[in-house]
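Worksheet: one structure, shown below.
The shown structure was predicted, so the numbers you read here are calculated from the model rather than taken from an experiment.
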Amino acid sequence: MFQDLPERIAKRMQYLERLDAEHRKHPDMAHFDRLRQVPPATGKLLSLLAANTPDGIFLELGTSGGYSTLWLSLAARAAGRKIVTFEKSGAKLKLARETLKAAEVEHLVEIVPGDVTDHLAAYRNVAFCFLDVEKGVYLACYETVVPNLVPGGLLVADNVISHREDCAAMLKRALTDERVDALIVPVGSGLLVARKA
C-alpha cells in the first residue's frame, strides 16, 4: 500500500500536511476552520489496521480535509471496500471534496454531510470505524458503532491521550466493555483500538 502510493495521493497529503502545519501556527483561528488532522504515523497505522479487517464497511467519523480519508482509501483499495465518511463543517466538506477529486479516490468514498449522530445508527456490518469528532459525542458514537461491528471488526478513536479527560467516559466504557478487546496505543495523540469479540 505504501510502496505503491500514487503520486496524486502523496501530493495531496503533502498539501494537507502543509495546510495543517500553517493552521497550528495560528491557534487563534476559529475552531471549525482548523483541520486538526492526524499525523502521518497515525494515518499509516489506520491504513494497516483497516486493510486487515473482516468483510464489512469502513466508517470515518469526522472527515475534516480528507487527510485520514486518503490513508483509509489505500486500505479500501487494497481490500476492495468503500469508505463512508461524515462531516458537518461546510468549509471542511468543501476541502474534503477537493481532496478526493485531486487524489482521484472519489469512487472509494461516500461523504455524508451533517451531524454524524443523526446518521450513524443506520450503518450495519461495520468492519472498521475511525472516530475523530468532537469529544463530547465519543461515548454516544462508541455505543452506536460497537453493536454494529462485525466479529473481528475494529473501532479506533483518536486523541485519547492528548484529550484523555474529554474522552474519559468513552475510555472507561471501552476498557471494561466485555464486547471488545481494547487498549490504548501511544501513536500520535493516542489511539484507542477496540476489537469486537
Side-chain angles (χ1 to χ4, degrees), residues 1-24 34-87 92-93 95-112 123 125-133 145 149-162 180-196:
M1 290 186 304
F2 307 148
Q3 286 76 17
D4 64 346
L5 184 67
E7 184 178 355
R8 61 191 178 273
I9 293 178
K11 283 185 175 179
R12 189 63 182 188
M13 285 178 172
Q14 291 163 4
Y15 167 76
L16 291 172
E17 287 164 7
R18 290 192 302 270
L19 189 59
D20 185 51
E22 189 62 30
H23 283 192
R24 291 175 190 273
R34 291 181 60 195
L35 292 181
R36 302 175 186 272
Q37 66 197 23
V38 301
T42 299
K44 287 182 178 182
L45 180 58
L46 293 174
S47 188
L48 288 173
L49 291 172
N52 289 285
T53 55
D55 287 341
I57 63 170
F58 290 175
L59 298 181
E60 179 186 42
L61 315 187
T63 316
S64 191
Y67 183 76
S68 53
T69 318
L70 292 180
W71 286 109
L72 290 173
S73 76
L74 300 177
R77 181 184 66 172
R81 317 275 179 85
K82 289 198 172 183
I83 306 158
V84 179
T85 184
F86 304 83
E87 181 57 58
K92 289 180 180 178
L93 280 167
L95 181 60
R97 288 190 175 107
E98 291 169 359
T99 290
L100 301 182
K101 184 174 182 180
E104 297 180 12
V105 295
E106 296 165 294
H107 62 291
L108 295 173
V109 184
E110 175 190 351
I111 298 180
V112 179
Y123 292 87
N125 299 315
V126 178
F128 183 86
C129 177
F130 178 48
L131 174 55
D132 192 16
V133 292
V145 171
L149 284 172
V150 299
L154 298 175
L155 179 145
V156 179
D158 195 24
N159 303 120
V160 300
I161 293 176
S162 64
V180 301
D181 295 304
L183 79 160
I184 295 172
V185 180
V187 172
S189 296
L191 298 171
L192 170 81
V193 179
R195 179 184 183 273
K196 181 79 172 283

List the atom of [X], the atom of [Y], and the distance in Å for their closest heavy-atom pair.
{"X": "Ala182", "Y": "Leu192", "answer": "CB-CD1, 4.1 Å"}
{"X": "Val150", "Y": "Ala127", "answer": "CG2-CA, 4.0 Å"}
{"X": "Glu104", "Y": "His107", "answer": "O-CE1, 3.4 Å"}
{"X": "Pro186", "Y": "Ile161", "answer": "CA-CD1, 3.8 Å"}
{"X": "Pro151", "Y": "Pro54", "answer": "O-CG, 3.3 Å"}
{"X": "Ser73", "Y": "Val105", "answer": "OG-CG1, 3.9 Å"}

[X] side chain near [Y] side chain, heavy-atom distance below 4.5 Å:
{"X": "Arg195", "Y": "Leu154", "result": "yes"}
{"X": "Val38", "Y": "Ser189", "result": "no"}
{"X": "Leu45", "Y": "Val156", "result": "no"}
{"X": "Trp71", "Y": "Phe2", "result": "yes"}
{"X": "Val109", "Y": "Glu60", "result": "no"}

*For the side chain of Ser64 and the backbone of Gln37, is there at least one donor-acceptor N/O pair under 3.5 Å apart?*
no
*Ignoring hydrogens and geometry, is there a side-chain-to-backbone donor-acceptor pair from Ser47 to Leu72 under 3.5 Å?*
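No, because the side chain of Ser47 does not come within donor-acceptor range (under 3.5 Å) of the backbone of Leu72.
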*asked:* Does Tyr123 form a side-chain contact (heavy atoms from CB on, under 4.5 Å) with Val84? I'd like the steps, not just the answer.
replied: CA-CA 9 Å; Tyr123 292 87; Val84 179; 3.8 Å; yes
Output the distance between atom [atom1] ([X]) and atom [atom2] ([Y]), rounded to the nearest 0.5 Å.
{"X": "Ile83", "Y": "Glu110", "atom1": "CD1", "atom2": "CD", "value": "11.0 Å"}
{"X": "Leu59", "Y": "Phe130", "atom1": "CG", "atom2": "CZ", "value": "12.5 Å"}
{"X": "Arg77", "Y": "Asp4", "atom1": "CZ", "atom2": "CG", "value": "5.0 Å"}
{"X": "Lys92", "Y": "Thr99", "atom1": "NZ", "atom2": "OG1", "value": "12.5 Å"}
{"X": "Asn125", "Y": "Leu149", "atom1": "CG", "atom2": "CG", "value": "10.0 Å"}
{"X": "Phe86", "Y": "Asp132", "atom1": "CZ", "atom2": "CG", "value": "14.0 Å"}

*Are Met1 and Leu48 close enough, and set up right, to give a side-chain contact (heavy atoms from CB on, under 4.5 Å), and what steps lead you there?*
CA-CA 9 Å; Met1 290 186 304; Leu48 288 173; 3.9 Å; yes
*Yes or no on side-chain contact (heavy atoms from CB on, under 4.5 Å) for Arg12 and Glu98, after CA distance, side-chain angles and deciding distance?*
CA-CA 10 Å; Arg12 189 63 182 188; Glu98 291 169 359; 3.7 Å; yes
*Under the side-chain contact (heavy atoms from CB on, under 4.5 Å) rule, what do Arg81 and Leu108 come out as? Steps first, then yes or no, please.*
CA-CA 7 Å; Arg81 317 275 179 85; Leu108 295 173; over 6 Å; no
